Colleague: 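Below is one structure. I have some questions about it.
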Amino acid sequence: MAALKDRTRYDPSEVEPRVLERWLSSGLFHPAPDGTATENYSIAIPPPNVTGSLHMGHAFQDTIMDALIRRHRARGRRAKWILGTDHAGIATQTQVEQMLAAEGSSRERLGREAFERRVWEWRAQYGGKIIGQLKRLGASCDYHDERFTLDPAYAEAVLKVFVALYEKGYIYRDRYLVNWDPGSRSAISDLEVDDIEVTDTLYYIDYPLASGSGAITVATVRPETMLADVAIAVNPSDARYERLVGESAILPLVGRRLQIIADEHVRPDFGTGALKVTPGHDPHDFEIGRRHRLEQISVIWEDGRISEAAPERFRGLTAAEAAQAVVAELRDQGLVTRIEDYRHAVPFSQRSGERIEPLVSLQWFMRMDELAAPAIEAVRSRRVRFHPASNASVYLNWLENIRPWVLSRQLWWGHRLPVWYRRGETYVGVEPPAGRGWERDPDVLDTWFSSALWPFAALGWPEQTPELRAFYPTDVLVTARDIIFLWVARMVMMGLEFTGEAPFSDVHIHAIIQAPDGRRMSKSLGTGIDPMDLMEGGPRPPVFEQGGEFPAYGADALRWGLLAMSSTQDVKFSEEKIGQGRQLTNKLWNAARLILLGVGAEARAEARPARIEDRWILSRLHRAREEVSGRLEGYDFAHAALALYDYIYAELCDWYLELVKPRLRDGEPEVQATLLYVLTETLALAHPLIPFVTEEIYAYLPGAEGLLAGRVEGARPPQDEEAERVLGRTIEAVQAIRRWRDQAGLKAGARVSGRLEAPGFEQTSEHLSRLARVALVDDGGAAVASVPIEGGTLEVISADGFDPAAASRKRAAERERIERELARVRAKLANDAFVEKAPAAVVEAERGKLARLTAELEAL
RNA sequence: GGGCGGUUAGCUCAGCUGGUAGAGCGCCUGCCUUACAAGCAGGAGGUCGCCUGUUCGAGUCAGGCACCGCCCACCA
C-alpha cells in the first residue's frame, strides 16, 4: 500500500476488499442472541432467490437496510440483519430444467428424486453468488447465521403451519378454476399473472334454438371452448331475449342442449348480449355456473390439448389448432355470422410467459378472511406502520377484498404438501401416516407460503430459540410496492397467527428504480444495469446514450448515489448521482489526508475549541448529526445523503478546513485535537452511508482502536448559536467581496485593500481578509467602491486592475435589484390588510428587510 | 372502472405545518491558491402543467381540467 501522502485519490477497488475482510473477521455482524427484541434492532432481509444475482433493486434495498442496521449499531443496539435465501420454486426449477434440456435430458427422464438432487447440487454450486455480492456491497448481514427456506428446520416450520391451518379448517381441497400455466404445467396464483393487451378475433356464432325456429347468436374469442359450453346466458332485463329464457339452444358441432338462463353478469351492450357459458374455461362463467349449478366440462387438458370430453375429431389438438378446426366447421355450416378484431387484456404467466389457460382442477386452497381481519386491524391501529403512509391503503384495500389462495403447485422443487391419500382417505400431518398404501400428494407449496413465515422461521421458530427471543419481532421491513400483497400482507397474517405479534412494526416501501429511459429495468428488455459493473467497472448497457465503460465507482459511491436517488415516487436511474457519490468519497478522503498529514503523531481527537470557527464547526457537526440521523430514522434516505454531502462539502471542506489551514501549518495543538475530533465524528456520521472509505480513514487516526463499524457514538458536540451567527456573517461577507472582485473586473490574484465599516467581524477579520483577499486597513482615505455586507460595508480603498466602468455597471445592476425588492417590500407594508392580518413575526421580518435594503441602497 | 403517485432550471430531482424558488449534473467566466483539476472561486438559467377558488399573501391549501406513471379489478 502506498503511503497516505501519495494516495491523492481515493481508490475503492484497492480499499474495499481489504476493509471487507476486516469486517468479516471481526464478528461484528453476528450479535449474541441476548436481550430482548425491544432493546435490540433487527431486520429480516427479503431473502433473494438462490438462483439470483444482485440486481439494482437488491443493491438499492440492501443499501437502505445496511444504512439502518449500521446506524442502530452505532447507537449501541445489538443489531442483527437476518440473512438467507429463498428456494424460489418455479424460478429455480425452470433454470435447472433449462440446464437439463441443454444436456438433452429432462426432469421426467431423471425422475423426481434424482431431479431434486440435481437442484441441490446446482444450488450448492451457484447459490452462494448473491451472498458474495451482498458482501461486496458492504451489507453488514449476519453471515454466520444464514438460512435457506428449504433447510430441514425451516421445512418443519412450514409443514407445521400447513397442518395447523388445515386443522383450523382454513386449508381445504377443492375443484376450482385456476390459472393454469401450460409453460410450467402448474396452477399459479392471481398474483403471478400479468394481463397483456392482445388483438384477438371475436367470432359471432349462431346457436340454433331447440324449438327449430331461428337461432341465438353469441360472441366469443375462444371458439374452441364452445365444445365445453353448458348454457347460454342473457341479462334478465334484456327485452330482446326475455321470451327465450327457459328455452334451449343446440350446441353446434356437439349437439348438447343448452339452457338459456338469465344472469346479471351478462352485459346487454356487449356483442349480441348473449353469452355462451363455459364454466370449465372461464372465470366468470365459472361463477355463473356455480350460481346456476351448471356442469363443468373441461375440453382442454393440462397439457393445453383437447381432452376426451370433446368430440373425437378434435381430441389431441392444441387449443389453437382446435380453434381453427372449430371455426372451419362452423363456417361450413354457415353458423359464423360475423368476425371482427377485438383488443383486450389477456392473462399471461409471469414465469413462463405463456398464455394462461383457465382450467378447473383439484387444488389445495386457503381461505384468507379469518387471517386477514387481524392483519387489517394491525395496520388500522398503527401497530404496523407503512412509510410512506399511502401504501397502507393499498394493503388494506387488498386485504379487505381478499380471495382464497391457491397453495398447491405442480412442481417438484419446494415444500411438498404434508398430505397423503389412501383410497378415499386423506391424511394431513407433519409426520407420514402409519400403515401401508398411503401415497403422498406430489404437489409442492407456493413459494410465498414459506416466505410468509420468514421473519420468525428464519430465527428458528417453532423452537423457542434465543435468537427468536432476542430478535423477534423485527423492527422494519424494507421492500418494494410490488410485493405488498405477495409477501408483506401474508407475513403479517402468519406472524399474528403463529407468534401473536406482527413480524415488524414498520414497513418501508421504497421506490422502484427504472432504467435511465424510464422503462422497467429488466434483463430481457436489455434495460438492466448490473450493480457489480458500477462498483467494479464494466460495460455501459445500451440504455445509456453514452457508451463505453463505467468507471469502477466503488461500493460507497453506488450506495450514496442510490440513497440520493431514492424518493417516494419511482425514479430513473442516474449515473450522475453515483458520480456524485464518488466525488464525496474522494472529497472526504482528501479532507482526511489534509488533517492526518498535518497533525503530529501525539495528537489525539478531542474537541478543544480555541477560536470561534472551532465552535462553529462543532455546532454545524451537531446539526448535521441531528439532520442525518433524523432523516435515516424517518426513512428519508435522499435527504440523509444530501445533508451529509452538504455538511462535508459546504461546511467542513469549503469553510472550516480553509479557515484553519494556517493554524494547522503552525502546529497549534488545539486545532489538531479539534480537527481529529471533527474528523472522527464526521466519519461516524457518514459511516452508515459510505462505510468503506470511512473505515479506511478511521484506521489512520492516531490512537484509533478497533473498527469504526463497531464504534458506539459519543456525546453530541455543543450547539453554539453565537458562533453560527458570526461565521455565517463572515462567510456571506467573503462571498460578497469575491463576487464584487469578479464583477469589478479584478484578476484572480489582484491585491485589494479596504476598510471594514461594519460591526461583528472582530473575531473573524483575519479570516475575512485572507479568504476574500483584502488587506484590511484602519483608514486610508477615500473609497473607490463600497461593498455591502451585513451591518455595513467594506470600503474599498484600492484595487489592482479596478475597472470603474465594470464596477459601476455592477453597482447599477445591484441598485436595480435592491430597488425592485424594496418596492415590493414597501408595497407589502403599505397594505393595511397585510399589516393587520399577517403574524407579527412576518411583519417584523418585512420591516427589518426594509431597513436593511435601505441601508444597502444608501451604501451604494 | 377503482386506487396511489406525478407534472418545479437544458437533464435528474428537493421544496416540512402557505410568507416573493433550491441541489447535483450540464453551461458560461476566471484560477494548476503545496488535501482533492474526480479540484477551487464566481455567474447565467424557472410566469413552479392549465383554470377557478380560499387567503393580506398560494409550487405549497380546496375544487375542476389536461397529460404521464404504477397498482388492483376487469365484458365474452
Side-chain angles (χ1 to χ4, degrees), chain A residues 4-5 8-10 190-191 195 200 202-203 218-222 225 233 265-267 269-278 282-285 342 344-345 347 388 390-391 393-394 397-398 401 481-482 484-485 511-512 514 516 518 520 551 557 561 564-565 567-577 579-580 582-598 638-639 642 645-646 650 653-654 657-658 661 664-665 734-735 738-743 746-749 770-773 820-821 824-825 828 831-839 841-843 845-846:
Chain A
L4 187 57
K5 189 173 186 310
T8 58
R9 286 178 187 176
Y10 175 65
D190 289 341
L191 296 171
D195 288 337
D200 274 331
L202 186 62
Y203 298 93
V218 301
T220 181
V221 293
R222 306 265 336 251
T225 64
H265 166 79
V266 183
R267 291 193 36 171
D269 55 338
F270 187 90
T272 61
L275 171 70
K276 68 191 240 348
V277 182
T278 322
D282 182 276
H284 302 284
D285 294 9
Y342 180 62
H344 64 152
S390 57
N391 292 289
S393 58
V394 175
N397 196 36
W398 186 74
N401 298 294
R481 253 192 335 270
D482 52 356
I484 290 178
F485 313 137
I512 291 171
Q514 300 163 336
R520 232 186 132 70
M565 260 177 251
S567 168
T568 51
Q569 58 171 323
D570 290 349
V571 288
K572 297 189 181 80
F573 178 82
S574 150
E575 188 180 344
E576 286 75 30
K577 280 282 192 291
Q580 203 182 337
R582 182 176 57 164
Q583 313 289 59
L584 178 65
T585 57
N586 192 54
K587 192 71 174 174
L588 185 57
W589 173 252
N590 276 295
R593 282 179 63 239
L594 173 71
I595 296 167
L596 293 168
L597 295 171
H639 282 106
L642 291 169
Y645 182 95
D646 284 344
C653 293
D654 289 351
L657 294 183
E658 293 302 331
K661 266 180 184 174
L664 184 61
R665 258 181 230 135
V734 169
Q735 286 171 330
R738 281 173 177 168
R739 209 174 303 135
W740 177 84
R741 292 177 61 108
D742 211 57
Q743 290 171 355
L746 271 64
K747 286 221 184 301
R770 184 167 55 86
L771 295 178
R773 301 197 186 183
R820 237 187 349 242
E821 222 174 309
R824 225 169 279 165
V825 175
K828 215 168 184 182
N831 182 349
D832 292 340
F834 172 74
V835 179
E836 270 173 45
K837 297 190 180 175
V842 174
V843 177
E846 289 298 321

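Since the structure is predicted, the reported quantities are computational estimates derived from the model, not experimental observations.
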Colleague: Can you tell me which nucleotide in B/rC13, B/rC72, B/rC56 comes closest to the side chain of A/V571?
Modeller: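 Minimum distance to the A/V571 side chain belongs to B/rC13.
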
Colleague: Watson-Crick or G-U wobble partner for B/rG1, using a 3.5 Å limit on both distances?
Modeller: B/rC72

Colleague: Which residue, A/K577 or A/K747, contacts RNA chain B at a nucleotide closer to its 5' end, judged by nearest heavy atom?
Modeller: A/K577

Colleague: With rounding to whole Å, what would you report as the distance between B/rG10 and B/rA66 at their P atoms?
Modeller: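 Roughly 27 Å separates the two P atoms.
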
Colleague: So what does A/Q743 hit on the nucleic acid, given a heavy-atom distance under 4.0 Å: a base, only sugar-phosphate, or nothing?
Modeller: sugar-phosphate

Colleague: Please give, in whole Å, the distance from B/rC25 P to A/Q583 CD?
Modeller: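 So the two atoms are 7 Å apart, to the nearest Å.
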
Colleague: Categorize A/V266 for me: base, sugar-phosphate, or nothing, with a 4.0 angstrom heavy-atom threshold over every strand shown.
Modeller: base

Colleague: CZ of A/R770 versus P of B/rC40: gap in Å, rounded?
Modeller: 16 Å

Colleague: Return no unless some side-chain N or O of A/Y342 is found under 4.0 Å from OP1 or OP2 of B/rA76.
Modeller: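 Looking at the OP1 and OP2 atoms of B/rA76, one of them is under 4.0 Å from a side-chain N or O of A/Y342.
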
Colleague: OP1 or OP2 of B/rG42 sitting under 4.0 Å from any side-chain N/O of A/R741?
Modeller: no

Colleague: Across all strands shown, which nucleotide pairs with B/rA21 by Watson-Crick or G-U wobble geometry, both distances under 3.5 Å?
Modeller: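 Paired with no nucleotide.
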
Colleague: Between A/N590 and A/K837, which residue's closest nucleotide on RNA chain B lies nearer the 5′ terminus?
Modeller: A/N590

Colleague: How far, in whole Å, is B/rG6 from B/rA14 if one measures between their P atoms?
Modeller: 9 Å

Colleague: Please give me the minimum heavy-atom distance between A/K5 and A/L597, naming the atom from each residue.
Modeller: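 It is CA-CD1, 3.8 Å.
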
Colleague: Which part of the nucleic acid, if any, lies within reach of A/N397 when heavy atoms closer than 4.0 Å are counted: base, sugar-phosphate only, or nothing?
Modeller: nothing

Colleague: Does B/rC71 have OP1 or OP2 sitting under 4.0 Å from an N or O in the side chain of A/R481?
Modeller: no

Colleague: Can you tell me how far P in B/rG18 sits from the matching atom in B/rU55, rounded to whole Å?
Modeller: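 Nearest-Å result for B/rG18 against B/rU55 at atom P: 15 Å.
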
Colleague: Looking at B/rC56, B/rG30, B/rC13, which one has an atom nearest to any side-chain atom of A/A748?
Modeller: B/rG30

Colleague: For B/rC61, which nucleotide is its Watson-Crick or G-U wobble mate, given both distances must be under 3.5 Å?
Modeller: B/rG53

Colleague: Atom CD1 of A/I512 and atom P of B/rG69: how far apart are they, to the nearest Å?
Modeller: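 Nearest whole value for this atom pair: 15 Å.
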
Colleague: The side chain of A/V842 lies closest to which of these nucleotides: B/rG19, B/rC31, B/rA38?
Modeller: B/rG19

Colleague: To the nearest angstrom, how far is A/E576 atom CD from B/rC25 atom P?
Modeller: 10 Å

Colleague: So for A/E658 and B/rA41, does any side-chain atom that can act as donor or acceptor lie under 3.5 Å from a complementary atom in the base?
Modeller: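 Answer is no: no donor-acceptor pair is held.
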
Colleague: Run the side-chain contact (heavy atoms from CB on, under 4.5 Å) check on A/H265 and A/L275 step by step: do they pass?
Modeller: CA-CA 10 Å; A/H265 166 79; A/L275 171 70; 4.1 Å; yes

Colleague: Taking only the P atom of each, what is the distance from B/rU8 to B/rC16 in whole angstrom?
Modeller: 16 Å

Colleague: Over how many whole Å does the gap from A/K828 atom NZ to B/rU55 atom C1' extend?
Modeller: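 Rounding to the nearest Å, NZ of A/K828 and C1' of B/rU55 are 13 Å apart.
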
Colleague: For the P atoms, the ones on B/rC50 and on B/rC11, what distance do you get once it is rounded to whole angstrom?
Modeller: 16 Å

Colleague: Hey, does A/F485 reach any base, or is it just sugar-phosphate, or nothing, if we go heavy atoms under 4.0 Å?
Modeller: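 Touches sugar-phosphate only.
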
Colleague: Using a heavy-atom cut-off of 4.0 Å across all strands, would you classify A/P839 as base, sugar-phosphate, or nothing?
Modeller: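 If one applies the 4.0 Å heavy-atom cut-off, A/P839 turns out to touch a base.
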
Colleague: Separation of A/D654 atom CG from B/rU33 atom P, in whole Å?
Modeller: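 Nearest whole value for this atom pair: 17 Å.
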
Colleague: Does B/rA66 have a Watson-Crick or wobble mate here (both distances under 3.5 Å), and if so which one?
Modeller: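 Paired with B/rU7.
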
Colleague: A/I484 has an atom CD1; how far is it from atom C1' of B/rG3, in whole Å?
Modeller: 12 Å

Colleague: Is the base of B/rG59 syn or anti, where syn means the angle lies within 90° of 0?
Modeller: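 With its glycosidic angle within 90° of zero, B/rG59 counts as syn.
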
Colleague: Contact class for A/L642 vs. all strands (heavy atom < 4.0 Å): base, sugar-phosphate, or nothing?
Modeller: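 A/L642: no heavy atom of the nucleic acid under 4.0 Å.
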
Colleague: Report the nucleotide, chosen from B/rC4, B/rC56, B/rG42, that has the shortest atom-to-atom distance to any side-chain atom of A/S390.
Modeller: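 Of the candidates, B/rC4 comes closest.
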
Colleague: Distance-only, no hydrogens or angles: does the A/R773 side chain make a donor-acceptor pair with backbone N or O of A/A748 under 3.5 Å?
Modeller: yes

Colleague: Identify whether any heavy atom of A/R582 sits under 4.0 Å from a base atom; if not, whether one sits that close to sugar-phosphate; answer base, sugar-phosphate or nothing.
Modeller: base

Colleague: Rounded to whole angstrom units, what separation is found between the CD atom of A/Q580 and the C1' atom of B/rG24?
Modeller: 4 Å

Colleague: Below 4.0 angstrom from OP1 or OP2 of B/rC40, is there any side-chain N or O of A/K587?
Modeller: yes

Colleague: Using the P atom as the point on both nucleotides, what is the distance between B/rC48 and B/rG59, in whole Å?
Modeller: 7 Å

Colleague: Would you call the rings of A/W589 and A/Y10 parallel, tilted or perpendicular if under 30° counts as parallel and over 60° as perpendicular?
Modeller: tilted

Colleague: Work out how far the C1' atom of B/rG63 is from that of B/rA58, and round it to whole angstrom.
Modeller: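 These two C1' atoms come out 15 Å apart once rounded.
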
Colleague: For the base of B/rA35, is there a side-chain donor-acceptor partner from A/K661 under 3.5 Å away?
Modeller: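 It does, because a donor-acceptor pair links the side chain of A/K661 to the base of B/rA35 below 3.5 Å.
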
Colleague: Can you tell me the Watson-Crick or wobble partner of B/rG45, both distances under 3.5 angstrom?
Modeller: none

Colleague: Side chain of A/A219, heavy atoms from C-beta onward: which of B/rA35, B/rG69, B/rA76 has the nearest atom to it?
Modeller: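 The nucleotide sitting nearest to the side chain is B/rA76.
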
Colleague: Would the base of B/rA41 count as contacting A/R738 through its side chain, where contact means a donor and an acceptor less than 3.5 Å apart?
Modeller: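 There is none.
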
Colleague: What nucleotide among B/rA35, B/rA76, B/rG42 has an atom nearest to a side-chain atom of A/Q735?
Modeller: B/rG42

Colleague: For nucleotides B/rC40 and B/rC32, find the distance between their C1' atoms and express it as a whole number of Å.
Modeller: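 Comparing C1' positions in B/rC40 and B/rC32 gives a spacing of 10 Å.
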
Colleague: Hey, does A/G561 reach any base, or is it just sugar-phosphate, or nothing, if we go heavy atoms under 4.0 Å?
Modeller: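 No contact at all - A/G561 keeps every heavy atom at 4.0 Å or more from the nucleic acid.
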
